[in-house]
Amino acid sequence: GRRRDDRGSHSSRQPACCWPCVDPGGLRMTNQNEKDTSASLAERAIGHTLLWSGFLMASYCSVMRLEQEDKWSTIPWLWYIVAITAGFIGVGFIRYSKSREASDEAKTEAEYSRVRQSLGDVSSRIQGLSDNSQRPPSEVVHFIDTQCVDPLAEFADSRQAMVKRFGMKVYADVMTEFASAERMVNRSWSAAADGYVDEVDKCLKIACEHFARADELLTAAEQHSSAA
């Protein structure tokens, strides 16, 4: 009972964009984030330990012997140099840890901006496609192939920034909506390739709803993060 339009049917082709709905990469990324955080904390702890140990040891070396006529001979220079070296190494550990954290934060922000941009692009394009229900099926196929594949791919490539910024729960919720939307886009592509225009309209509307929900979840996560 579905209305079929045979103009430009492409049933022998495969859907252009097909990202997995199950995403084990998020769990792997969470584990990697935990390892990176542990490594950063360990580096900072080692740095502070060396810094304060060196400072205390150098101070002790300065007063451990009674003052003599030759004041410089009261200092055990070998141990004093060791203490100063340990302090400098500690400072190096601390500065390296801070610089790496700053670099990771900048990378995460850049990736997250791509998440936002790509989600907005694909959402607006699918919404425009849904609003224009008079397009022949061949144009729907071509539009999805040329206008929607790139932002879908860019979102998927940058998605792990959500784990770093908001945690696993927000990531999982957003990816559930995104995967559902992407699946509807694929179904609309297939329906258009087979000429079923009613199915195309239905799938595009559902895809728009899922994209909108993903955007709402990200907006709520941003507001919660800013409030915190």
Side-chain angles (χ1 to χ4, degrees), residues 2 14-34 105 107-133 135 137 140-194 196-228:
R2 293 184 296 178
Q14 295 297 317
C17 47
C18 189
W19 295 98
C21 296
V22 178
D23 183 28
L27 182 57
R28 289 197 299 270
M29 191 63 197
T30 301
N31 293 335
Q32 185 61 44
N33 288 342
E34 291 175 352
E105 288 177 3
K107 182 180 178 181
T108 298
E109 287 302 313
E111 289 180 345
Y112 183 70
S113 67
R114 289 195 293 272
V115 165
R116 268 310 205 172
Q117 181 66 43
S118 57
L119 180 60
D121 287 345
V122 71
S123 179
S124 63
R125 292 172 188 179
I126 292 298
Q127 184 64 60
L129 188 62
S130 176
D131 292 341
N132 188 0
S133 59
R135 285 178 183 264
V140 173
V141 170
H142 179 73
F143 184 89
I144 292 175
D145 282 343
T146 59
Q147 300 296 320
C148 300
V149 171
D150 287 344
L152 284 170
E154 189 168 353
F155 182 95
D157 290 341
S158 304
R159 68 193 186 278
Q160 292 164 348
M162 292 185 290
V163 180
K164 297 178 182 178
R165 183 161 179 171
F166 303 124
M168 191 62 188
K169 184 181 186 307
V170 172
Y171 170 86
D173 291 342
V174 173
M175 286 306 298
T176 296
E177 298 297 333
F178 176 81
S180 298
E182 186 270 343
R183 187 163 56 249
M184 289 297 103
V185 172
N186 282 342
R187 288 185 62 179
S188 67
W189 189 100
S190 298
D194 291 333
Y196 293 105
V197 293
D198 291 340
E199 187 72 11
V200 172
D201 293 340
K202 176 183 175 183
C203 291
L204 289 177
K205 284 182 173 61
I206 296 174
C208 289
E209 293 173 0
H210 285 297
F211 280 132
R213 178 57 181 159
D215 181 79
E216 290 173 1
L217 289 169
L218 284 179
T219 300
E222 291 169 355
Q223 293 173 347
H224 183 268
S225 178
S226 298

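The model shown is predicted, which means the values in this text are computed figures rather than measured ones. Values below: all heavy atoms of this structure, side chains included; hydrogens, waters and symmetry mates excluded. In this chain, residues are counted from 1 in sequence order.
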I need the minimum non-hydrogen distance between [X] and [Y], along with the two atoms involved.
X    : Y    : answer
A192 : V141 : CB-CG2, 3.7 Å
V149 : D145 : CG2-O, 3.5 Å
A207 : I126 : CB-CG2, 4.2 Å

Is any side-chain heavy atom of [X] closer than 4.5 Å to a side-chain heavy atom of [Y]?
X    : Y    : result
M184 : L204 : no
V170 : V163 : no
W189 : V200 : no
F155 : V174 : yes

With sequence neighbours left out, what residues match [X] under salt bridge (Lys or Arg N to Asp or Glu O under 4.0 Å)?
X    : result
D121 : none
R125 : none
R213 : E216

Test of understanding: with ring pair (Phe, Tyr, Trp, His ring centres under 6.0 Å), list the residues that count as partners of F166, not counting sequence neighbours. Y112
Please identify each residue that fulfils ring pair (Phe, Tyr, Trp, His ring centres under 6.0 Å) with F211, with sequence neighbours left out. none
Measuring from atom [atom1] of [X] to atom [atom2] of [Y], what distance do you get when rounded to the nearest 0.5 angstrom?
X    : Y    : atom1 : atom2 : value
I144 : L129 : CD1   : CG    : 6.0 Å
K164 : T108 : NZ    : OG1   : 4.0 Å
S130 : E209 : OG    : CD    : 9.0 Å
M168 : M175 : CE    : CE    : 10.0 Å
E222 : H224 : CD    : NE2   : 13.0 Å

Hey, which of E182, R183, E177 is the one that makes side-chain hydrogen bond (donor to acceptor under 3.5 Å, both in side chains) with H210? E177
Can you check salt bridge (charged side-chain N to carboxylate O under 4.0 Å, His left out) on K202 and D198, steps first, answer last? CA-CA 6 Å; K202 176 183 175 183; D198 291 340; over 6 Å; no
Would V140 and V197 count as a side chain to side chain contact (heavy atoms under 4.5 Å, CB included) here? Give the steps. CA-CA 10 Å; V140 173; V197 293; over 6 Å; no
Going by the rule side chain to side chain contact (heavy atoms under 4.5 Å, CB included), which residues pair with [X] if we only count those two or more places apart in sequence or in a different chain?
X    : result
Q127 : D131, C208
T219 : R116, D215, Q223
D150 : none
R114 : A110, E111, E154, S158

Assess whether a salt bridge exists between D201 and K205, defined as any Lys/Arg side-chain N lying under 4.0 Å from an Asp/Glu carboxylate O. no
I'd like to know whether CZ of R187 has more than 12 heavy-atom contacts from other residues, nucleotides or ligands below 6.0 angstrom. no
Donor-acceptor under 3.5 Å (S180 side chain, T176 main chain): yes
Taking S188 for the side chain and V185 for the main chain, is one N or O donor matched with an acceptor at less than 3.5 Å? yes
Run the numbers on F143 and R135 for side chain to side chain contact (heavy atoms under 4.5 Å, CB included), then give the verdict. CA-CA 10 Å; F143 184 89; R135 285 178 183 264; 4.1 Å; yes
